[in-house]
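Model, not experiment: these values are computed from the prediction.
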Amino acid sequence: MKTYNFNKNDNLIYKIWILNKYFYSNINKNKKPYYLLLPPPNITGDLHIGHILNYTILDIYARIKRMKGYNVCWIPGTDHASIATEIKIRQILKNKNINNISYKKFKLICLNWSKKYNAIIKDQLKKIGCSCDWGKFQFTMGNNHVKSVKKVFIKLYKKGLIYKSKRIVNWDVKARTTISDEEITYKKKYNYLYYIKYFTLDKKEYIIIATTRPETIFGDSAICVNPNDIRYKSFINKKVIVPIIGRVIPIIKDKLVNMNIGTGCIKITPAHSEKDFNIYKKHKNEIKIINIFNDDGTLNKISNIYKNIDRLLLRKIIIKKLKKLGYLIKVKKKKSYIAYSDRTNTIIEKKISLQWYLNMEIFKFKALKLIKRINILPKKKYKILLYKWINILKDWNISRQLVWGHRIPIYYYKKLIIPAISLKKAIKILKVKFKILNINKSKIKKDKNVLDTWFSSWILPISALNGINKNNNKNFNYYYPINLLITGYDILFFWVLRMIMFSSYYINKIPFKEIYFTGIIRDKNKKKLSKSLGNYKNIYYLLNKYGADVLRVSILDNNHIYDFVIDENKYISSRNFINKVWNSYIFIKKINKKKITNIEYKKSFIIIKWFNNILNFYLKKINLLLKKKEIYYSFITIKKLFKKEFCSKFLEFIKNVNINIIGKKKILNIYKIILKILHPYIPYITEYIWIKLNNKSNITISTWPKINKVNNNKKIYDTFKLILFIKKIKLKNNNISIYINKNYKIKFIKYIYINLLYNLSNIKYIYFFSKLNNINKEYKLFIYKEYNFYIFNKDLLDKIDKNKINNKIKFYNKYLLNIKNKLKNKKFLDNAPKNIIELEIKKKKDIEKKILIYKKKIFN
RNA sequence: GGGUGGUUAGCUCAGUUGGUUUAGAGCGUUUGCCCUACAAGCAAAAAGUCACUAGUUCGAAUCUAGUACCACCCA
C-alpha cells in the first residue's frame, strides 16, 4: 500500500495504549513526578482546531517526558461553562418552541447535555492522541468537584471574604444574568446624543440635558450640574418636571459632572448607570432609586402604558413623542463605544442588583508574593501583563442568576443565614449551633444563585488531586504543583491569574512551576475561531479526511507563539509528510540482505557512520531546543532531519550500495532512533511502524535516544560534502569527469573513498591535477570551497542563457564593490573582529573567481 | 482613548547575540524525469526596493524614533 491508512489503525493503536495502561500514573517514589493538567474545554460543543493546538503541544511534552523516564500524570477534564452552556441550551429549546420549562426539567436537560458532550470531547481528545490518564478525568460539575467548590465557598464565607452587596452590575438581558466586566466587548458604533428640555415648575424656564438614552426618563431621579458651572448656578435646588411622565425631580450639584460634555447638565438614573449610582450614594437623602427594567430588558410596571416594551424599541417611541411635544430640540451624531455581551452579543444594561462578591485584596497580596517563582514562557511580556492585571483587579462578582452551575451553598431560615454543604448539614447547624428544635423544613430556603464558572475552575489544579476534600493527601503531596501549564493567552485573566491567586492564598504554593502561552488560531480574516461565527471545520471532518498525525503536523508547522492561520495547503503538505514517513518504512522493509564483498561492506559502513554523525548533530540540537521549550523549532529541525537528511541523502545513498545482514541491522537501528524522535509529534504512525517492525514493546514506553559517541571522522565528512556538491551540479545522464587538485588528493587517497565518490555521485572519471595550466581549456572551472576541481560537461554550459550570466556578473560586480569599499574603510578594519575581516577577504576572493567563471562562460 | 503584536517571494510564514545569509522554507507556478519507498515522489528554474522615513553603527531584515496600514487586548 502506497498510502498510510490512518482510519483503520489509529483507533486500534489507542486501544493498545489504554489496555497496557501506559498513561496511567500512580505514586512511584523512584520516579520524578510530572504533573500536567489539560485546560478543560467547555462542554458547549465539540472541540475545534484551536483546542487541538494546546493539547497537541501538551501531548508532545507528556510523551517526551515519559520517554525520558518521568512519571507523567496528565489529568484531563471538562468545564461545565455555566453561562455559555445555559445560553446554548435555551437557544435550542427556543428554536423548538419550548418555553416555560421547570427548574428541575431544565437542570436535567443540562445534565444530559453534559453527559453527551463529555463523551464527545473525551473521544476527540483520544482521537488526536492525547496521552491522558483517563481514570483521573475531572468534570467541573462532577461529585468530587462540587464538594470542593462548596467547601471553598464556605471557608471563604466564614473568613468574611465573601459578602452580599447591592451594586450596579452588567446585565445580559438575553441570558438574564449578570456577567463580569471581562465578558464584555466594547464596539465602536455611531450613537445619537439627544438634547431634551426639562421645564421648571412654573414652566417659565427650562434646562437642557443631553442624553444618549432618552428611554430612561422613567428612571429619572434628579438633574445634576457641576457646582462650578456658572451657567446653571441659578437652577440649583430648583425643581423640574420630567417630560411626558410629569414627575417632579430636584436639580442637584456634584463635582462628578463634566462641564464640557453635552450641555454640562445630566439626568440621574441611579439604577441604570454606575456614575449616576455613585452620585446617588452622595445624595441619598435627596433622591430615590427607580428601577425601570424587567430582567429581559423590557420596561416594568413603573412605565405604565409602556410596560413590557423592549428598551430599544421604546427609545424610538419616546423620541417621536418628545419631538411631537416640542421637548426635543437637537440630535447630534456621536461616535461611542457600546458594551456588548460576549455571551449573547446583545447590548449590556446596567442594573442595580444584590449580588455575592469576593474580596480580592488578600488574594492579590498573596499572589504578588509568589508569582515571581513561576517561569513564564515564551515571552516575558506576559509576566508584566500579569502584574498589571492583578493590580487593577476589583472585587469579584461571583453570583450568576442561572440554573446550570454550582448553587451557592447558603441556606436561609427566617432571618438566619447558614453556610452549609447540604440541607442535612444546614439542619444540623440549626439544631446544634442555634439550638432550634422545631424546624419547619419547608421554610429553609437555599440561595437561588449559582457561582461564576471560573469560581470552580480556579481550584482545579488542587481539586483534581482531591486536595481540597482531603488536604495533604498522598497524591497531592507527590504530584503538586503542575510542572507545565500550556494554554492560550486569551484566558490569562480568566483562568491563569485566578489559579495563581487561589493556590497562593489557599495553600501558600504556586499552582504551576512553568506556564507556556500559545497564540490563537484564527481564520483567514484573522478572526478568532468561534462557534457563533462557524468559521472552522469540524474536528471529526478533519480527522476522517486526514487523520490525527496530519492534523498535529499542520498545527506544529506554524510558529504558535503568535496567532496564526491554517489554510488547506498546510493540511496537504502535512499529509505528504506523513505519507513519506510511511513510505520510508516500506523502503526499509524492502532492503535486501545480500552476501557482499569486503569492499562493499566497507562502503555501506562508511555511509552509516557518516549518517550517525549527522544524527548525533541533530539530536543535540533537538535536545537543546526542547530544553528551551522551543517546540516549533524542534519540530522544524526534526522535519528537516527526516526529509532532507534521512530520506533525500541517506536512503538515496543506501540505494547505490549492497547491504548485508549487519548493514541492515545498523540501518534499522538508525531508523528506530528517527522514529523515536518523531513519536511525540506524530504518535500514531510511528507506533504503527514500530509494531510492524516486530518490536516486542511499544514505542510509547521506549526511552528517548541517547547521543552516541561517534568519532568525528574528517575524511568521511569531506567525502560526503564533495559528493553532495557534485550531486547538486550534475544533471542525470550527463557525462561528467571531475578533476581534483592534487593538493587535496590525499584526502581521497584511499581506494574506498574514491570508490564511494564514483558510486554515489555517478561520475565517470576522476583525475587529479597539480597545476591549472595542465588542464585542457575545454573543461570548465567550478570552485568548491577549498577544493579546486574542474568538471567537463559541454551540454550543461551550453544551456545557460547569456543574458542571465550578464545579469549575474552585474550583480556580483556590485556586491564586490561593496566588499572592496568595506575593506578600504579604515574604521571597519580597526573595529571589526579579525575573523569578520578575514571572511570579507575570502568573500572577495570567491566573488572575483565567480565573476571570472561567468566571463569565461560567455567568451568561450 | 491606552496598550501589545505584525508588515520579508503569488500565498502561508522562518530568519534564535547586528557580521558563516551573497535574505531562506513550504505551498503554488514553469521545466525535466512513472528510474522496483513515496507523482501525496525526485531533480531543477523563475520569483524579494525585507512597509516607508530618519537615526545609531565600520556594518541593519535584525537596534532606536517617527509615519502608514492590519490585527488583537483593555477602558
*Asks:* Just to be sure I understand the rule, does Lys639(A) reach a base, reach only the sugar-phosphate, or reach nothing, if contact means heavy atoms closer than 4.0 Å?
*Replies:*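 Counting heavy atoms under 4.0 Å across all strands, no contact is made by Lys639(A).
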*Asks:* Expressed in angstrom and rounded to an integer, what is the separation of Leu492(A) atom CG from rC74(B) atom C1'?
*Replies:*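 In whole Å, rC74(B) C1' and Leu492(A) CG are 13 Å from each other.
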*Asks:* Strictly below 4.0 Å: does Asn558(A) bring a side-chain N or O up to OP1 or OP2 of rU12(B)?
*Replies:*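 So the side chain of Asn558(A) is outside the cut-off, no N or O lying under 4.0 Å from OP1 or OP2 of rU12(B).
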*Asks:* Expressed as a whole number of Å, how far does the C1' atom of rU12(B) sit from that of rG19(B)?
*Replies:*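 After rounding to an integer number of Å, I get 29 Å for this pair.
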*Asks:* Give a yes/no answer on whether the side chain of Asn559(A) brings an N or O atom under 4.0 Å of OP1 or OP2 in rC13(B).
*Replies:* no
*Asks:* Applying the Watson-Crick and G-U wobble criteria at under 3.5 Å, what pairs with rG5(B)? Answer none if nothing qualifies.
*Replies:* rC70(B)
*Asks:* Base, sugar-phosphate alone, or nothing: which one does Lys640(A) contact when heavy atoms must sit under 4.0 Å apart?
*Replies:* nothing
*Asks:* Thinking salt bridges, do Glu514(A) and Lys629(A) make one under a 4.0 Å N-O criterion?
*Replies:* yes
*Asks:* Measure the distance from NZ on Lys629(A) to P on rU16(B) and round it to the nearest whole Å.
*Replies:*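 Interatomic distance, NZ of Lys629(A) to P of rU16(B): 21 Å.
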*Asks:* In the structure shown, which nucleotide is the Watson-Crick or G-U wobble counterpart of rA61(B), with both distances under 3.5 Å?
*Replies:* none
*Asks:* Could you state the NE2-C1' distance from His560(A) to rA14(B), rounded to the nearest angstrom?
*Replies:*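 Between C1' of rA14(B) and NE2 of His560(A): 14 Å.
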*Asks:* Can you tell me which nucleotide in rA14(B), rC38(B), rG41(B) comes closest to the side chain of Tyr632(A)?
*Replies:*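 Closest nucleotide among those given: rA14(B).
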*Asks:* In the strands shown, is rA25(B) matched to any nucleotide by a Watson-Crick or G-U wobble pair with both distances under 3.5 Å, and which?
*Replies:* rU12(B)
*Asks:* Between rU20(B) and rA60(B), how far is it from one P atom to the other, in whole Å?
*Replies:*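 Nearest-Å result for rU20(B) against rA60(B) at atom P: 12 Å.
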*Asks:* Under 4.0 angstrom, heavy atoms only, what part of the nucleic acid is Tyr489(A) near: base, sugar-phosphate, or nothing?
*Replies:* sugar-phosphate
*Asks:* Please report the distance separating the C1' of rC58(B) from the corresponding atom of rG18(B), rounded so that it comes out in whole Å.
*Replies:* 12 Å
*Asks:* Now, which nucleotide makes the Watson-Crick or G-U wobble pair with rU20(B), with each of the two distances under 3.5 Å?
*Replies:* none
*Asks:* What interatomic distance, in whole Å, is found between C1' of rA46(B) and the corresponding atom of rU31(B)?
*Replies:* 10 Å
*Asks:* Pick the P atom in rC50(B) and in rU29(B), then give their distance to the nearest Å.
*Replies:*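 Those two atoms are separated by 27 Å.
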*Asks:* Would you mind telling me which of rU16(B), rA40(B), rA37(B) lies closest to the side-chain atoms of Cys647(A)?
*Replies:*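 The answer is rA37(B), which lies nearest to the side chain.
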*Asks:* Determine which nucleotide pairs with rG41(B), using a 3.5 Å limit on both distances of a Watson-Crick or G-U wobble pair.
*Replies:* rC33(B)
*Asks:* Assuming nearest nucleotide by heavy-atom distance, tell me which of Arg575(A) and Phe587(A) is located more 5' along RNA chain B.
*Replies:*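 So the residue in question is Phe587(A).
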*Asks:* Considering just the side-chain nitrogens and oxygens of Lys644(A), establish if one lies under 4.0 Å of OP1 or OP2 belonging to rG26(B).
*Replies:* yes
*Asks:* Taking the P atom of each, how far is rG28(B) from rA40(B), in whole Å?
*Replies:*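 Between the two P atoms, the distance is 10 Å.
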*Asks:* Is any side-chain N or O of Lys580(A) closer than 4.0 Å to OP1 or OP2 of rC42(B)?
*Replies:*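 So the side chain of Lys580(A) is within the cut-off, an N or O lying under 4.0 Å from OP1 or OP2 of rC42(B).
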*Asks:* Distance check needed: rA14(B) C1' versus Ile561(A) CD1, whole Å only.
*Replies:*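 Result: 12 Å.
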*Asks:* Less than 3.5 Å apart, any donor N or O on the side chain of Thr212(A) or Asn191(A) sitting next to an acceptor on the other?
*Replies:*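 No pair is found: no donor N or O on one side chain lies under 3.5 Å from an acceptor on the other.
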*Asks:* Compute the centroid of each ring, for Phe6(A) and then for Tyr688(A), and state whether the two points are separated by less than 6.0 Å.
*Replies:* no
*Asks:* Please state the P separation for the pair rU62(B) and rU7(B) - nearest whole angstrom.
*Replies:* 11 Å
*Asks:* Between Tyr61(A) and Tyr516(A) (judged by ring centroids, cut-off 6.0 Å), do the two rings come close enough to count as a pair?
*Replies:*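 Not under 6.0 Å, so no.
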*Asks:* Rounded to whole angstroms, how far apart are CZ on Arg522(A) and P on rC11(B)?
*Replies:* 21 Å
*Asks:* Below 3.5 Å, does any donor atom in the side chain of Lys589(A) face an acceptor in the base of rA37(B), or the other way round?
*Replies:* no
*Asks:* Do Tyr684(A) and His679(A) get their side chains close enough for a donor-acceptor pair, meaning under 3.5 Å?
*Replies:*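 No, His679(A) and Tyr684(A) have no side-chain donor paired with an acceptor closer than 3.5 Å.
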*Asks:* Please determine, for the side chain of Lys570(A), which listed nucleotide (rC72(B), rU12(B), rA25(B)) has the closest atom?
*Replies:* rU12(B)
*Asks:* Please confirm whether any donor atom in the side chain of Glu652(A) sits under 3.5 Å from an acceptor in the base of rA43(B), or the reverse.
*Replies:*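 No pair found.
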*Asks:* Starting at atom CG of Asn576(A), determine the distance to atom C1' of rG28(B), rounded to an integer number of angstrom.
*Replies:* 13 Å
*Asks:* Rounded to the nearest 0.5 Å, how far apart are CG of Leu542(A) and NE2 of His48(A)?
*Replies:* 12.5 Å
*Asks:* If only atom types and distance count, is the side chain of Glu687(A) paired as donor or acceptor with the main-chain N or O of Ile699(A) below 3.5 Å?
*Replies:*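 Yes.
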*Asks:* What is the separation between atom CZ on Phe517(A) and atom C1' on rU4(B), rounded to the nearest whole Å?
*Replies:* 14 Å
*Asks:* Nearest nucleotide by nearest heavy atom, which residue falls closer to the 5' end of RNA chain B, Val565(A) or Tyr585(A)?
*Replies:*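 Closer to the 5' end of RNA chain B: Val565(A).
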*Asks:* Quick one: label Ser573(A) by what it contacts on the DNA or RNA (base, sugar-phosphate, nothing), any heavy atom closer than 4.0 Å.
*Replies:* sugar-phosphate
*Asks:* Closest approach to the side chain of Tyr562(A), judged atom by atom: which nucleotide of rA14(B), rU16(B), rA40(B) is it?
*Replies:*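 The nucleotide sitting nearest to the side chain is rA14(B).
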*Asks:* To the nearest Å, how far apart are Asp563(A) CG and rG5(B) P?
*Replies:* 13 Å
*Asks:* Looking only at atom C1', what distance separates rA61(B) and rC74(B), rounded to whole Å?
*Replies:* 32 Å
*Asks:* Do Asp563(A) and Tyr489(A) have side-chain N/O donor and acceptor atoms under 3.5 Å apart?
*Replies:*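 The answer is yes; a qualifying pair exists.
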